[in-house]
Amino acid sequence: MPLKILVIRFSSIGDIVLTTPVVRALKEQAGAEVHYLTKKKFAGILEPNPYIDRVWAIEKSVGEIASDLKREAFDYLIDLHRNLRTLQLSIHLRKSKKYSFDKLNWQKWLLTRWKINKMPDVHIVDRYMDTVRPLGVTNDGKGLDYFIPTKDQVNLVSHGLPANYLAFVLGAAHATKRMEEEQMAELCKSWKQPIVLLGGPAEAEIGKRLEKLGNHIYNTCGIMRLGQSADLVRQASLVLTHDTGLMHIAAAFNKPILSVWGNTVPDLGMYPYLPGQEEIEKTRRQEVLGLSCRPCSKIGHDRCPKGHFRCMRDQPISDMVAKLSRIWLAEAIND
């Protein structure tokens with residue numbers, strides 16, 4: 001009988017995508033029957049994944065499905081979230097052996113509160129992989145996975161979209177991780193190649209305003225489902241993105257990425273995961289270095305705690321456009 005394993009990560013989009021190398025390794029190397037527990041609103045990210053045998057989902061509480069999970073008699077719980085919910089679940093499933101991810105909360109607190117960097121120079125994917133090493137699996141170096149179902153595959157021609165374009169991801173979960181609209185507008189006007197704007201309902205109005213700035217700008221914000229936006233990332237020539245879920249989806253498709261960083265920093269270990277391209281990726285980051293207040297949070301804020309928002313406002317859009325141009329040209333030559 002194969003091992004029966006439950007992987008747990010409740011949220012969010014990017015964090016879940018970052019767990020996919022663990023799922024693949026458990027299936028391919030351990031030959032396990034892999035189940036995955038997450039929140040219902042994120043289940044669609046995982047359901048097309050061929051390395052997962054079953055996706056379990058909750059609205060709020062693990063009590064919603066604890067008895068069902070107990071009947072599954074899992075050999076192992078792989079806790080990649082490690083919070084109160086996962087503690088409660090481990091009590092329900094006490095007969096299953098549990099391995100938990102080290103979230104390094106103390107090190108993160110030192111970095112965000114006192115700017116003392118004790119974070120290991122290790123990507124979070126490799127830290128996730130450390131959690132399952134006792135099961136004899138290792139990182140296969142194949143990067144992240146994201147699988148797009150047929151219903152979300154976008155035909156560019158039928159949607160009136162160009163064949164070659166810059167995918168510009170407007171959104172991020174918190175305001176301090178996003179450029180301000182004026183900066184987005186300056187970039188859209190300065191970049192002369194086709195741009196496809198990506199975002200959810202929260203970015204719909206900004207997308208409409210930006211689209212009016214030029215015939216080379218195509219707005220899909222609030223129009224496309226997440227899976228469709230992911231497919232537009234997959235088909236893009238180049239991706240410009242904040243520190244958000246679509247950044248990690250772009251990495252799953254091995255796209256050239258220029259990542260824009262505000263109050264968060266790559267030192268937290270969640271930069272684009274591109275095995276074999278680490279040195280290239282470091283040159284494709286846009287951030288303001290040397291600010292004594294940065295990082296102010298491991299996640300983000302609704303507004304700058306200091307009021308000046310220099311981590312984003314001090315970023316020269318001309319430099320960003322120049323970097324994009326160099327990447328665009330390099331990729332065109334490689335093609």
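Here the structure is a predicted model, which is why all the values come from computation and not from measurement.
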- With sequence neighbours excluded, residues passing salt bridge (charged side-chain N to carboxylate O under 4.0 Å, His left out) with Asp140: Arg24
- Query: Which ring pair (Phe, Tyr, Trp, His ring centres under 6.0 Å) pairs, counting each pair once, include a residue from residues 274-322, with sequence neighbours left out?
  - Reply: none
- ring-ring contact (aromatic ring centres under 6.0 Å, His included) involving Tyr76 - partner list, sequence neighbours excluded: Tyr99
- Phe168: partners by ring-ring contact (aromatic ring centres under 6.0 Å, His included), with sequence neighbours left out: none
How would you list, by chain and number, every residue that makes a side-chain hydrogen bond (donor to acceptor under 3.5 Å, both in side chains) with [X], sequence neighbours excluded?
{"X": "Gln228", "answer": "none"}
{"X": "Thr176", "answer": "Asn263"}
{"X": "Ser229", "answer": "none"}
{"X": "Arg310", "answer": "Asp314"}

- Message: Going by side chain to side chain donor-acceptor pair (under 3.5 Å), name the pairs with one or both residues in residues 188-200, residues two or more places apart or in two chains.
- Response: none
- Message: When you compare the side chains of Asn49 and Asp145, does any donor N or O come within less than 3.5 Å of an acceptor on the partner?
- Response: no
- Could you work out the complete set of other residues in the hydrophobic cluster of Val157, with links drawn between I, L, V, M, F, W and Y side chains under 4.5 Å apart? none
- Other than Met1, what residues sit in its cluster of Ile, Leu, Val, Met, Phe, Trp and Tyr side chains whose heavy atoms are under 4.5 Å apart, directly or through others? none
Tell me which donor-acceptor pairs under 3.5 Å the side chains of residues 33-45 have, and how far apart each pair is, sequence neighbours excluded?
unit_1 : atom_1 : unit_2 : atom_2 : d
Glu33  : OE2    : His35  : NE2    : 2.7
His35  : ND1    : Trp56  : NE1    : 2.9
Tyr36  : OH     : Thr19  : OG1    : 2.7
Thr38  : OG1    : Arg9   : O      : 2.9
Thr38  : OG1    : Phe10  : O      : 3.0

